[in-house]
Amino acid sequence: QVQLVAAGGGSVQTGGSLRLSCAASGLAPSSYCMGWFRQAPGKERERVAGISIYSATVYADSVKGRFTISRDNAKNTLYLQMNSLKPEDTAVYYCAARNYPTCTPDVSGYNYWGQGTQVTVSS
């Protein structure tokens, strides 16, 4: 069975940093399009970063220059490095895997999801 376990969330002040991790079992992140999504209260879930099987990366405009998505193939783990955090980044963050070779920003295009980890940025 495929399992994605997200971790690393917490509470930080504006300008701080966090690194989220997503440990995968049952699939290799290097063989799937992987994504990080977030959902704030009252808002729809949105993709903030994606990485393809060729390691091409894509970011939402709101996080470009601040967030970095990466994989550690040896550890079978996906990461999201978040720097210069802002209060608007406050949300539950989810890792997800798409069971197709191509990537998409659409939530409906992802087949496997982690449980989510809370990120809170205070002003």
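Quick note: numbers below take in every heavy atom, side chains included, and nothing from hydrogens, waters or symmetry partners. Everything numeric in this text was worked out from a predicted model, so none of it was measured.
Of all the heavy atoms in V121 and K86, the pair that sits closest is CB-O, 3.3 Å. Smallest separation of non-hydrogen atoms from A91 and Q118: O-NE2, 3.4 Å. R98 approaches G109 most closely through the heavy-atom pair NH1-O, 3.0 Å. Among all heavy-atom pairs drawn from I51 and R71, the shortest one is CG1-NH1, 3.6 Å. Pairing each heavy atom of A6 with each of G116, the nearest pair is CB-N, 4.4 Å. For the pair C95 and L78, the tightest heavy-atom approach, listed with the atom from each and the gap, is CB-CD2, 4.2 Å.
Here R38 contributes atom CZ and E46 contributes atom CD; the two are 5.0 Å apart, rounded to the nearest 0.5 Å.
Residues V5 and Q115 have side chains in contact (heavy-atom distance under 4.5 Å, counting atoms from C-beta outward). The side-chain heavy atoms of Q81 and F67, taken from C-beta on, include no pair separated by under 4.5 Å.
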**Request:** Report the C-alpha separation of L80 and V48 in whole Å, then their side-chain angles, then the decisive distance to 0.1 Å, and conclude whether the side chain to side chain contact (heavy atoms under 4.5 Å, CB included) test is met.
**Result:** CA-CA 10 Å; L80 184 68; V48 297; 4.3 Å; yes
**Request:** Could you check T68 against Y59 for side chain to side chain contact (heavy atoms under 4.5 Å, CB included), going step by step and ending with a plain yes or no?
**Result:** CA-CA 8 Å; T68 303; Y59 300 92; 3.8 Å; yes
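At a threshold of 4.0 Å, the pair D61-K64 counts as salt-bridged, since one of the basic side-chain nitrogens sits closer than that to a carboxylate oxygen. Ionic pairing of R47 and D106 is not present here: no N-O contact between side-chain nitrogen and carboxylate oxygen is shorter than 4.0 angstrom.
For N111 (side chain) and N99 (main-chain N/O), a donor-acceptor pair under 3.5 Å exists by modelled atom type. W36 places a side-chain N or O within 3.5 Å of a backbone atom of Y79 that can act as its donor or acceptor partner.
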Going by atom type alone, with no hydrogens or angles, which donor-acceptor pairs under 3.5 Å involve a side-chain atom of residues 9-34 and a protein atom two or more places apart or on another chain?
| from | atom 1 | to | atom 2 | distance (Å) |
| --- | --- | --- | --- | --- |
| T14 | OG1 | S122 | O | 2.9 |
| S17 | OG | N83 | OD1 | 2.9 |

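Using a 4.5 Å cut-off between side-chain heavy atoms of Ile, Leu, Val, Met, Phe, Trp and Tyr, with links allowed through other members, V63 and M82 fall into the same hydrophobic cluster.
Listed by first then second residue, pairs satisfying ring-ring contact (aromatic ring centres under 6.0 Å, His included) with a partner in residues 101-123 read F37-Y110, F37-W113, not counting sequence neighbours.
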